[in-house]
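This report concerns only the one structure given below.
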There are 2 protein chains.
Amino acid sequence: MDKAGFMAAADHQCQQQGVKLTALRRQVLELVLAHEGVVKAYQVLADLQRERGIAAPPTVYRALDFLVEAGLLHKVDALNGYIVCSHVGCCHEGLILVCTACGSVNELEAAPALDTLRQQAAAQGFAIAQQNLLLTGLCQACRV
Amino acid sequence: MDKAGFMAAADHQCQQQGVKLTALRRQVLELVLAHEGVVKAYQVLADLQRERGIAAPPTVYRALDFLVEAGLLHKVDALNGYIVCSHVGCCHEGLILVCTACGSVNELEAAPALDTLRQQAAAQGFAIAQQNLLLTGLCQACRV
DNA sequence: AACGGTGTTGTTATATAGTAACATTTAAGA
DNA sequence: TCTTAAATGTTACTATATAACAACACCGTT
């Protein structure tokens, strides 16, 4: 999806959810989209400062939290960063693949196996709120 | 496994791997074992300072990194913490379940589903180096 | 025992990440 | 318009992690 398309989908999704994609949140989302792969909060902060002259960490963290909550971004804890959700609108989070060589990030669609995992967790009485599934390694392009 | 048993298994495993479980690493491992659930690096640092009078962050991080590398601990990125590996000696990392209510952590044994995931990643040409699979939610005891 | 290399630990300083608390502004309804 | 809730600004701070270099300990060789 191109950036304009993503922004349109973001607008739509926020409207659906009854939450507001304000100017600031929109700007932060665009800054994240402007990068490839994983983006760090302080990178976004620097970008934002360039565009607006001044900004403090909470400004960025609040916007990023909102965007994660809205399902537009995912937080990648293992990298202290954020990625754009590849599946806006179709709700499922996948398995995140991070290449240590080129830094690229992909969301692998693996619904059946993930469902199995969730069921096994549920079988132990565990009620899942969030998932955070990440594999680190070498992508096809880099493993040559 | 009790603590003494774990330390014995740790000794054995390090010997197998040809790496050294030095006095410092041993002490750090014991400090981690002394806690339930997730332990933070700076908590270990504080404990270590209590026992030895002085210690700096790199001392602790190096020891923790070593212990993770040796397969005795897992790093839980989503919590910036470490947990004791439940399966020392039998090599498989599982799926980590973290309860947001009581803070308890369990490693769920889910080899078949995890294998499927890995195969799906591999099918895309991705060579897995590390995995980091975590579910957050409520454990059986807390969901009542 | 003396030497030299490797790995471990100590030390200082600093980089990076994230949040608490309160003030101010904006938006939306009564 | 007034009021209230949400959003943003601001200051200060806490928490997490690493770089870089120095000192030391261990181990095999001469």
Side-chain angles (χ1 to χ4, degrees), chain A residues 10-11 14-15 17-32 35 38-70 72-83 100 103 132 136, chain B residues 10-11 14-15 17-32 35 38-70 72-83 100 103 132 136:
Chain A
D11 275 327
C14 286
Q15 204 163 4
Q17 297 180 3
V19 297
K20 283 182 289 190
L21 189 58
T22 62
L24 174 63
R25 291 165 177 172
R26 189 166 245 288
Q27 185 176 14
V28 167
L29 181 53
E30 279 166 350
L31 290 172
V32 174
H35 290 270
V38 178
V39 189
K40 315 275 244 163
Y42 273 69
Q43 177 64 57
V44 175
L45 178 58
D47 294 346
L48 195 59
Q49 286 170 338
R50 203 168 327 107
E51 291 194 356
R52 316 203 325 165
I54 188 170
T59 300
V60 168
Y61 280 102
R62 283 173 190 145
L64 291 171
D65 287 349
F66 169 87
L67 295 167
V68 169
E69 192 66 24
L72 301 170
L73 301 181
H74 297 305
K75 181 158 205 298
V76 184
D77 291 303
L79 305 174
N80 295 320
Y82 298 83
I83 59 172
T100 49
N132 199 304
T136 303
Chain B
D11 275 326
C14 287
Q15 204 164 3
Q17 296 180 4
V19 297
K20 282 184 287 192
L21 188 59
T22 62
L24 173 64
R25 291 166 176 170
R26 189 167 246 287
Q27 185 176 14
V28 167
L29 181 54
E30 279 166 350
L31 289 172
V32 174
H35 291 270
V38 178
V39 189
K40 315 276 243 158
Y42 273 69
Q43 177 64 57
V44 175
L45 178 58
D47 294 346
L48 195 59
Q49 287 170 338
R50 201 167 330 103
E51 292 195 356
R52 317 203 324 165
I54 189 171
T59 300
V60 168
Y61 280 101
R62 283 171 190 150
L64 291 172
D65 287 348
F66 170 87
L67 295 167
V68 169
E69 191 66 24
L72 300 170
L73 301 180
H74 297 307
K75 181 155 204 298
V76 185
D77 290 302
L79 306 174
N80 294 321
Y82 298 82
I83 58 173
T100 50
N132 200 303
T136 303

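For clarity, every value in this text was computed on a predicted model and none was experimentally measured. A note on names: the letters A, B, ... follow the listed sequences, proteins ahead of strands, and every chain is numbered from 1.
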(message) How would you summarise protein contacts on nucleotides 3-11 of chain D per nucleotide, using B for base, S for sugar-phosphate only and - for none, with heavy-atom distances below 4.0 Å?
(response) ----SBBBB
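- The side chain to side chain donor-acceptor pair (under 3.5 Å) test applied to B:Glu51 returns B:Gln27, not counting sequence neighbours.
- Legend: residues meeting side-chain contact (heavy atoms from CB on, under 4.5 Å) with A:Val38, ordered by chain and number and at least two apart, are A:Leu79, A:Ile83, A:Val105.
- The stretch residues 38-49 of chain A touches DNA chain C through A:Lys40, A:Tyr42, each having a heavy atom under 4.0 angstrom from the strand.
- Pairs passing the salt bridge (charged side-chain N to carboxylate O under 4.0 Å, His left out) check and including a residue from residues 55-69 of chain B, sequence neighbours excluded, do not occur.
- With sequence neighbours excluded, no residue forms a side chain to side chain donor-acceptor pair (under 3.5 Å) with B:Asn80.
- Along DNA chain C, the stretch of nucleotides lying under 4.0 Å from any heavy atom of chain B spans, 5' to 3', C:dT8 to C:dT12.
- Under the side chain to side chain donor-acceptor pair (under 3.5 Å) criterion, A:Gln43 pairs with A:Asp47, not counting sequence neighbours.
- B:Lys40 pairs by the side chain to side chain donor-acceptor pair (under 3.5 Å) definition with nothing, not counting sequence neighbours.
- For the pair B:Thr59/B:Leu24, a side-chain contact is recorded, criterion being any heavy-atom separation below 4.5 Å from C-beta on.
- Summarising the geometry, the separation between CG on B:Asp77 and P on D:dT16 is reported as 13 Å, rounded to the nearest angstrom.
- Annotation: salt bridge (charged side-chain N to carboxylate O under 4.0 Å, His left out) contacts of B:Arg26 (sequence neighbours excluded): B:Asp11, B:Glu30.
- Neither OP1 nor OP2 of D:dT18 sits under 4.0 Å from any side-chain N or O of B:Tyr61.
- Phosphate contact (OP1/OP2 of D:dA15, side-chain N/O of B:Asn80, threshold under 4.0 Å): absent.
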(message) Walk me through whether B:Leu31 and B:Arg50 qualify under side-chain contact (heavy atoms from CB on, under 4.5 Å).
(response) CA-CA 11 Å; B:Leu31 289 172; B:Arg50 201 167 330 103; over 6 Å; no
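- Checked against side-chain contact (heavy atoms from CB on, under 4.5 Å), B:Leu45 has the following partners two or more places apart in sequence or in another chain: B:Tyr42, B:Gln49, B:Ala55, B:Pro57, B:Val60.
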